[in-house]
Amino acid sequence: AQSVAQPEDQVNVAEGNPLTVKCTYSVSGNPYLFWYVQYPNRGLQFLLKYITGDNLVKGSYGFEAEFNKSQTSFHLKKPSALVSDSALYFCAVRPNTGFQKLVFGTGTRLLVSP
Amino acid sequence: GAVVSQHPSRVICKSGTSVKIECRSLDFQATTMFWYRQFPKQSLMLMATSNEGSKATYEQGVEKDKFLINHASLTLSTLTVTSAHPEDSSFYICSCLRDGTNTEAFFGQGTRLTVV
């Protein structure tokens with residue numbers, strides 16, 4: 001069965017500094033990997049996904065993530081954080097064969113201070 | 001494109017009543033939709049997978065008679081919480097899988113249900 005681990009409940013970073021939100025996964029076969037962001041009392045907004053191809057994936061709002069197969073990781077990164085990036089971030093995974101449900105991590109709260 | 005509308009965004013109901021939540025894909029067709037429940041400061045828990053024209057597939061531990069799902073068209077799925085109790089209070093989120101892909105899933109804005 002697939003699983004996702006987001007080891008940090010919260011990440012604090014100063015505005016303008018780079019940020020990293022960690023994600024590791026476990027899945028049978030090759031994965032589809034996703035990052036979503038959630039603002040208070042809102043649904044999830046898609047940020048980016050890894051399906052195949054380049055390990056570095058660029059997404060919305062300046063975010064990017066690097067797929068590392070050997071470390072089974074898909075960390076979310078941004079070179080320069082904004083206060084408006086403060087939100088809850090979810091990593092999700094599913095196998096790339098057939099149709100299977102997404103499994104979400106527990107979420108990481110990102111707090112960007114001015 | 002790829003907009004999912006979920007309605008209502010907030011609802012308060014009395015114990016024992018039923019509440020219907022709608023999930024619509026506005027600009028694409030979605031044979032498959034998903035219903036999630038999210039507890040405070042927790043991740044999303046998949047409740048059921050809804051397929052147009054067929055019965056929903058419920059996850060283990062989710063009562064199908066309590067959480068009725070109807071996926072009557074390629075753009076609309078509904079979740080009805082029947083005989084609601086305070087413990088049903090939660091944030092419910094739908095997701096639509098765009099037809100023709102198996103990776104393009106888009107989420108509604110969520111419904112905050114409070115049962116008093």
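A quick note: this is a predicted structure, and the numbers were derived from the prediction, not measured. So you know, we letter chains A, B, ... as the sequences are listed, proteins then strands, and number each from 1.
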(message) The test is disulfide bond (SG atoms under 2.5 Å apart); show your working for B:C23 and B:C96 and say whether it passes.
(response) CA-CA 8 Å; B:C23 179; B:C96 301; 3.7 Å; no

(message) Is A:Y36 close to chain B through its backbone or its side chain, or both, or neither, when contacts mean heavy atoms under 4.5 Å?
(response) side chain

(request) Pick one of side chain, backbone, both or neither for B:Q38, based on which atoms fall under 4.5 Å of a heavy atom in chain A. (result) side chain

(request) Check whether the ring centres of A:F104 and A:F34 lie less than 6.0 Å apart, and answer yes or no. (result) no

(message) Would B:K64 pass as a cation-pi partner of B:Y58, given that its NZ or CZ must be under 6.0 Å from the six-membered ring centre and within 45 degrees of the axis?
(response) no

(request) Could you look at A:I51 and say if it's the side chain, the backbone, both or neither that has a heavy atom under 4.5 Å from chain B? (result) side chain

(request) Among A:R109, A:Q38, A:Q6, A:Q45, single out the residue with the greatest number of heavy-atom pairs under 4.5 Å to chain B. (result) A:Q38

(message) Taking the cut-offs as 6.0 angstrom to the six-membered ring centre and 45 degrees off its axis, would you call A:R94 and A:Y32 a cation-pi pair?
(response) no

